[in-house]
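Sequential numbering from 1 along the given sequence is applied to the chain's residues. Each ligand, and each atom within it, is numbered from 1 in the order the structure gives.
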Amino acid sequence: ERCFVAELPGSELVYFTCSRSAPLGAAALRPRGFLPPPGRCYSFCIPPAQSPRERVRAARLHGQLQQRLSRAPLGAGARVLPLLSYSPADAAAPEPGFLVQATQAAAEAERALEELLRLHLPAPVHLSVYEEAADGQVWRTLWRLQGAPEGKELLGRVRVLPAPEPLSHPAAAHLLGAAVFGSREAARGVLEECTSLIPEAKAVLDLVDKCPKLPKKGDFPVIVIEGLDATGKTTVTQSLRDSLGAVLLKTPPSCVSQWRKTFDDEPTLVRRAFYALTNYIVASEIAKESTKSPVIIDRFWHSTAAYAIATEISGKVLNLPPLHHPVYCWPEDLLKPDVVILLTVSPEERIRRLQERGIEKTREEEELEANRFFHQKVEGSYRRMENPSCELVDASGSREQVLEDVLHQIKKHFPLL
Ligand SMILES: Nc1ncnc2c1ncn2[C@@H]1O[C@H](COP(=O)(O)OP(=O)(O)OP(=O)(O)O)[C@@H](O)[C@H]1O
Ligand SMILES: Nc1ccn([C@@H]2O[C@H](COP(=O)(O)O)[C@@H](O)[C@H]2O)c(=O)n1
């Protein structure tokens, strides 16, 4: 039995399933907020990759469809929401897809959607249509789209019911190796798979392959400063460099800057593998520099993992994988820092600083502003990291106060510094 989870506006998750046999009275149970009245919903999923080599293509197809859906003539007020199809009974990775909420039952919107799917999805293409019946229950009609331009076959009609919320988010068990990479080889494998599609992947691999496999930290302290955008990392890391006579490094390093936009436009799988590998490039720099002086790093692996988890786990902070989940564990083959400090500021102060700075924001930061739940999930993930865990410093005071507090925290580990 397949179940589905969709993320509604406001980051609410709705879990539902379909049943042929549920007794009709069994609740005017309609999944809450699922079908905006009066309206229709449509859903479809991206067919899973048949082999590891195919997973980059499948991930890219998902991204392309998302872009095309955002431009498709689906009618005023139509919403395209992220959907996952999963089976509670087996361990297979969930299939990503979309739930399209149309505010009117517009034949034109339906035609546009069908045309898009016929054009871009490999056959057989399945489309589910959800409607409310006179008795207030929601029904799903499953269609197989075939032939051009309008051929379609009716496969069946079933009731839609709320599904029990699983103990953990359906994506949680599949983050490792797909969004969070537990080793250099795991991330490397993804970029290997895309060298024929993305030429820049080869250039990144060449850089990574020049770095020693297990670089060793020198005797000087290695300190990472983490935090959301505009929490003051640049300000603090520069002050720390000056007051500790340290070397300042950042991830991703400048040697990959020219490829960053390319990978930011790729789906999670490829984008996160890129960022994961940049940590290994910086690790070899840390190894060298920490034999000579203290090293300060502006973002490292915790950023890579926290942003990946927050993006892939839909809903709110309570949907994050629980404490001690393997996604929060430092990769065994990545040079480990001595101290990781997480700068925190209130959402209001952070937004004030972002606005004051006034420079163009990255796509992810636009999302951050629009979606405070995403912001909470990134910070919630940082807070769950372990070995090394993040030590929190409230960064909402003056620049001088924040520096003093960070130095105080560092000196607890290195009193002689
Ligand atoms: N303690 C502070 N009080 C007030 N403003 C601050 C403080 N620290 C930093 N700022 C200002 O807030 C803005 C963001 O700071 P900064 O660039 O250091 O953050 P960041 O975390 O490095 O951001 P990003 O991750 O986007 O690079 C800057 O304009 C900076 O001058
Ligand atoms: N080690 C890292 C560093 C960065 N990222 C990603 O980059 C974004 C933030 O970078 P800034 O240059 O704006 O500070 C953030 O959205 C992360 O996705 C990363 O993954 N790993």
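The residue Ser396 has no part lying near ligand 1, judged by heavy-atom distances below 4.0 Å. In Glu356, neither the side chain nor the backbone holds a heavy atom less than 4.0 Å from any atom of ligand 1. The proximity of Asp298 to ligand 2, defined as any non-hydrogen pair under 4.0 Å, does not occur for either the backbone or the side chain. In Trp301, neither the side chain nor the backbone holds a heavy atom less than 4.0 Å from any atom of ligand 2.
By the 4.0 Å N-to-carboxylate-O rule, Lys292 lies close enough to Glu289 to be salt-bridged with it. Under the 4.0 Å criterion applied to side-chain N and carboxylate O atoms, Arg271 and Glu266 are not assigned as salt-bridge partners. Under the 4.0 Å criterion applied to side-chain N and carboxylate O atoms, Lys210 and Asp206 are not assigned as salt-bridge partners. Look at Arg111 and Glu115 and you find no salt bridge, because none of the NZ, NE, NH1 or NH2 atoms lies under 4.0 Å from a carboxylate O. The existence of a salt bridge linking Asp298 and Arg241 is excluded, since no basic side-chain nitrogen approaches an acidic carboxylate oxygen closer than 4.0 Å. Here Glu285 pairs with Lys288 in a salt bridge; the nearest charged N to carboxylate O distance falls below 4.0 Å.
Ring geometry for Tyr307 against Tyr382 counts as perpendicular: the plane angle is over 60°, on a 0 to 90° scale with 30° as the lower cut. The aromatic rings of Phe4 and Phe16 sit parallel, their planes meeting at an angle under 30°, below the 60° perpendicular limit. Relative ring orientation between His62 and Phe98 is described as parallel, the plane-to-plane angle staying below 30° on a 0-90° scale split at 30° and 60°.
Although no hydrogens or angles enter the test, the distance criterion places a donor-acceptor pair under 3.5 Å between the side chain of Arg384 and the main chain of Pro321.
A search for side-chain hydrogen bond (donor to acceptor under 3.5 Å, both in side chains) contacts involving Asp394 returns Ser396, not counting sequence neighbours.
Ligand 1 lies out of reach of Gln401, whose nearest heavy atom is not under 4.0 Å from it. Using a 4.0 angstrom heavy-atom cutoff, Ala230 counts as in contact with ligand 1. The shortest separation from a heavy atom of Lys233 to ligand 2 is not under 4.0 Å, leaving the residue out of contact.
Shown in contact with Arg357 at under 4.0 Å from a heavy atom are these atoms of ligand 1, numbered in order with element: 17 (O), 23 (O), 24 (P), 26 (O), 27 (O). Close contacts between ligand 2 and Thr251 involve ligand atoms 1 (N), 2 (C), 3 (C) [criterion: under 4.0 Å to a heavy atom]. Residue Arg299 approaches ligand 1 through these ligand atoms, each under 4.0 Å from one of its heavy atoms: 25 (O). Distances below 4.0 Å separate heavy atoms of Ser398 from the following atoms of ligand 1: 1 (N). Counting the atoms of ligand 2 from 1 in the order shown, those under 4.0 Å from a heavy atom of Asn279 are 1 (N). Listed by number with element, the atoms of ligand 1 under 4.0 Å from a non-hydrogen atom of Thr234 are 17 (O), 18 (O), 20 (P), 22 (O), 27 (O).
Here the shortest heavy-atom distance to atom 7 (O) of ligand 2, taken over Arg260, Arg272, Arg271, His302, belongs to Arg260. Atom 9 (C) of ligand 1 has its nearest heavy-atom neighbour, among Thr235, Leu343, Val345, Val402, in Thr235. The heavy atom nearest to atom 13 (C) of ligand 1, out of those in Arg353, Gln238, Glu349, is found in Arg353.
Residue contacts with ligand 2: Phe300 is placed with a nitrogen or oxygen under 3.5 Å of a nitrogen or oxygen of the ligand (distance criterion only). Between Arg352 and ligand 1, not a single N/O pair is under 3.5 Å apart. Ligand 1 has no nitrogen or oxygen under 3.5 angstrom from a nitrogen or oxygen of Asp298. By the 3.5 Å distance cut-off applied to N or O atoms, Arg299 is counted among the residues near ligand 2.
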Could you tabulate the donor-acceptor pairs under 3.5 Å formed by side-chain atoms of residues 160-171, not counting sequence neighbours?
residue: His169; atom: ND1; partner: Ala171; partner atom: N; Å: 3.0
residue: His169; atom: NE2; partner: Ser314; partner atom: N; Å: 3.3
residue: His169; atom: NE2; partner: Ser314; partner atom: OG; Å: 2.8

